Chemist: 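What follows is a single structure, and I will ask about it in a moment.
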Amino acid sequence: MPNTLPFTIDFAGCPADPSSDRSALLDQTRQALDRLHGWQADGTLPLLNLPAARDDLAALAPVVARWRQEAGDVLVLGIGGSSLGAQALLELRDPADRGPRIHTPDNVDPVSFRRLIDGLDWTGTRLLAVSKSGGTVETVAQLLLILDRMEAAIGRDDTAARLVVIAEPGNSPLRQIANDYGVETFDHDPDVGGRFSVLSLVGLMPAMLGGVDAAAVREGAAAVLEQAFAGGDPAGIPAAMGAAVAAGLMRHHGVSQAVQFGYVDRLARFGEWWRQLVGESLGKQGIGLAPVFARGATDQHSQLQLYLDGPRDKLVTVIEPPAEQSPAWRIRPEAAARYGVDYLSGRSLGDLIAAEARATASSLIAEGRPTICMRLDAVDARTIGALMMNAMLETILLADLLAVDPFDQPAVEKGKILTREYLAALG
Ligand SMILES: O=P(O)(O)OC[C@H]1O[C@H](O)[C@H](O)[C@@H](O)[C@@H]1O
């Protein structure tokens with residue numbers, strides 16, 4: 001397969017005006033790309049080496065094959081960067097896949113968690129606990145509760161045989177549990193942050209368990225890096241142009257929100273993954289771009305009025321669906337004529353949603369609202385890998401333009417400390 005990008009991005013709805021310094025911003029992205037290219041070569045930023053990695057996935061293959069054959073249910077316990085990427089990739093599961101049901105109960109709402117757990121047959125259930133730090137309270141709490149239940153039902157040895165842990169090396173609670181039970185453990189690379197870890201085994205092991213083509217995900221990501229590092233004009237590199245456009249709009253036009261308006265249901269979880277990436281990577285020192293996810297066509301009937309006529313503080317990216325392949329249903333011309341909806345004659349839902357995406361983008365542009373149009377060749381593993389790497393690269397480049405560190409999230413620590421204090425104070 002030629003290594004071209006499986007999507008196109010049109011920035012014409014974000015014209016640069018005289019107050020914008022877009023060419024200076026693009027020059028800066030060129031320098032940042034050169035730096036990143038160097039970091040890929042010397043391994044300083046391992047995220048950039050993940051698309052070409054192979055051995056890590058080969059090491060997972062035996063347990064993945066076993067679980068796909070034996071398990072009825074797999075619980076992937078993790079939150080934030082240890083869950084959202086997997087959730088996004090699992091949306092691409094083939095409905096005919098015969099592997100286990102995969103659950104990603106990232107939240108600790110006791111009612112939804114209990115509903116899930118109460119329905120499980122423990123003999124056929126497998127547990128994958130994922131946490132970079134190995135100490136995230138939600139993940140540890142869920143695991144301890146489940147281990148109790150599972151052990152009571154099938155005994156300690158059979159429980160241990162059903163658990164796999166992914167965590168960075170160290171003496172974290174999760175690592176201690178893994179040692180205690182003697183379970184199979186895989187290393188989370190300490191130098192790959194959670195929200196940048198989807199292309200590692202963190203995102204790809206759950207994807208493989210669901211039969212999603214992990215190699216194709218990486219291939220899509222590799223295509224993005226290859227194009228970005230080929231030395232071309234940054235205006236032709238989607239991540240560089242996206243970062244320059246966003247930085248210009250933030251600096252000169254009061255834009256403070258990025259709306260991803262996706263017209264593909266299977267990319268809704270991708271939208272949630274992207275929210276963490278943008279929110280945690282850029283939101284610091286009083287700077288930030290609030291990521292908003294909207295779902296087309298549903299949010300045309302809920303949010304579009306605001307985007308078209310509300311404050312001019314948004315950059316909207318419309319993700320248009322790919323052309324529908326052999327539509328299953330079309331509206332019969334006689335029915336369309338009879339009910340006065342001739343424009344629907346012979347049309348499929350794919351025709352409708354595609355027309356709606358175009359109409360939303362055109363109406364935003366006509367109102368002078370900064371709008372990016374993204375068109376996908378397909379919704380498949382390669383495309384989502386490319387979308388993810390494009391988003392990560394764009395976020396890193398935008399952080400450079402905004403002079404913030406994309407890889408830390410110091411502000412969230414306070415709440416974690418308080419949570420532990422409040423729990424301890426319960427007595
Ligand atoms: O992977 P873990 O260490 O369990 O962390 C899970 C999540 O926890 C946090 O609160 C961080 O803000 C996130 O960036 C991270 O993805």
Side-chain angles (χ1 to χ4, degrees), residues 45-47 50 56 75-90 103-109 113 127-147 163-178 183 185-207 269-285 287-291 293 388 391-392 395-396 398-399 404-423:
L45 190 60
L47 151 70
L50 287 171
D56 55 345
L75 300 184
V76 180
L77 306 178
I79 197 164
S82 289
S83 182
L84 293 171
Q87 292 184 36
L89 295 179
L90 284 165
H103 313 276
T104 52
D106 51 358
N107 204 4
V108 286
D109 181 314
F113 190 67
L127 308 173
L128 174 61
V130 189
S131 171
K132 178 177 189 295
S133 61
T136 298
V137 65
E138 293 88 349
T139 308
V140 172
Q142 287 184 340
L143 180 60
L144 290 176
L145 289 168
I146 289 176
L147 286 175
L163 170 63
V164 165
V165 165
I166 298 175
E168 65 187 2
N171 194 29
S172 62
L174 201 53
R175 280 277 174 174
Q176 288 177 41
I177 295 168
V183 307
T185 304
F186 295 96
D187 285 347
H188 189 309
D189 186 335
D191 296 323
V192 177
R195 59 186 175 274
F196 295 96
S197 69
V198 61
L199 300 172
S200 76
L201 63 183
V202 171
L204 296 183
M205 181 168 173
R269 299 287 174 157
F270 165 74
E272 291 200 21
W273 168 86
W274 166 83
R275 283 195 314 143
Q276 183 195 8
L277 178 71
V278 172
E280 281 195 337
S281 302
L282 303 177
K284 40 203 76 160
Q285 300 156 31
I287 295 170
L289 197 51
F293 179 74
M388 286 174 150
M392 290 189 278
T395 302
I396 294 168
L398 182 51
V404 296
D405 179 353
F407 300 115
D408 65 0
Q409 60 284 330
V412 299
E413 294 309 314
K414 178 83 181 154
K416 294 184 191 173
I417 294 165
L418 285 176
T419 301
R420 287 197 284 269
E421 281 176 21
Y422 295 157
L423 284 167

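When a ligand or atom number is given, it counts from 1 through the structure's own listing order. Remember, it's a predicted structure, so these values are computed and weren't measured experimentally.
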Chemist: For the pair K284 (side chain) and D405 (backbone), establish whether a donor and an acceptor sit closer than 3.5 Å, ignoring hydrogens and angles.
Modeler: yes

Chemist: So which protein heavy atom does atom 7 (C) of ligand 1 come closest to, and at what separation?
Modeler: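 It is I79 O, 3.9 Å.
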
Chemist: I want to confirm something. Looking only at heavy atoms, which of K416, E138, E168 is nearest to atom 10 (O) of ligand 1?
Modeler: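 That would be K416.
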
Chemist: Please work out whether any backbone atom (N, CA, C, O) or any side-chain heavy atom from C-beta onward of Q409 is under 4.0 Å from ligand 1, and answer side chain, backbone, both or neither.
Modeler: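 For Q409, the contact with ligand 1 is made by the side chain alone.
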
Chemist: Out of G81, A129, G78, who is nearest to atom 16 (O) of ligand 1 when you count heavy atoms only?
Modeler: G81

Chemist: Could you give the distance from OG1 (T395) to CD (E280), rounded to the nearest 0.5 Å?
Modeler: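 Between T395 OG1 and E280 CD, I get 12.0 Å after rounding to 0.5 Å.
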
Chemist: State whether the side chain of S281 and the backbone N or O of G279 hold a donor-acceptor pair below 3.5 Å, judged by distance alone.
Modeler: no

Chemist: Around atom 14 (O) of ligand 1, find the nearest protein heavy atom and jot down its residue, atom name and distance.
Modeler: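 The answer is E280 OE1, 2.6 Å.
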
Chemist: Run D106 and Q142 through side-chain hydrogen bond (donor to acceptor under 3.5 Å, both in side chains) and show every step you take.
Modeler: CA-CA 9 Å; D106 51 358; Q142 287 184 340; over 6 Å; no

Chemist: Side-chain contact test, heavy atoms from C-beta onward, threshold under 4.5 Å: evaluate it for V404 versus Q285 and give yes or no.
Modeler: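 A side-chain contact under 4.5 Å exists here.
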
Chemist: Nearest protein heavy-atom contact for atom 1 (O) of ligand 1: which residue, which atom, what distance?
Modeler: S82 OG, 2.6 Å

Chemist: Identify the protein heavy atom lying closest to atom 5 (O) of ligand 1, giving its residue, its atom name and the separation to 0.1 Å.
Modeler: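 Result for atom 5 (O) of ligand 1: T136 OG1, 3.4 Å.
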
Chemist: Could you check whether any side-chain N or O of Q176 sits under 3.5 Å from a backbone N or O of N171, counting only pairs where one atom can act as donor and the other as acceptor?
Modeler: yes

Chemist: Go through ligand 1 atom by atom and flag the ones less than 4.0 Å from a non-hydrogen atom of V412.
Modeler: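 Those atoms are 12 (O).
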
Chemist: Measuring from non-hydrogen atoms of T139 to any atom of ligand 1, is the shortest distance under 4.0 Å?
Modeler: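 Distance cut 4.0 Å: T139 fails for ligand 1.
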
Chemist: Below 4.0 angstrom, N of the basic side chain to O of the carboxylate: do D187 and K132 qualify?
Modeler: no

Chemist: Does the side chain of M392 reach to within under 4.5 Å of the side chain of L47, using non-hydrogen atoms?
Modeler: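 Contact flag for M392/L47 side chains = yes.
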
Chemist: Near K132, which atoms of ligand 1 are under 4.0 Å from a heavy atom of that residue?
Modeler: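 Matching atoms, with element in brackets: 1 (O), 2 (P), 3 (O), 4 (O).
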
Chemist: Show the atoms of ligand 1 that are less than 4.0 angstrom away from any heavy atom in Q276.
Modeler: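 Going through ligand 1 atom by atom, the ones under 4.0 Å from Q276 are 13 (C), 14 (O), 15 (C), 16 (O).
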
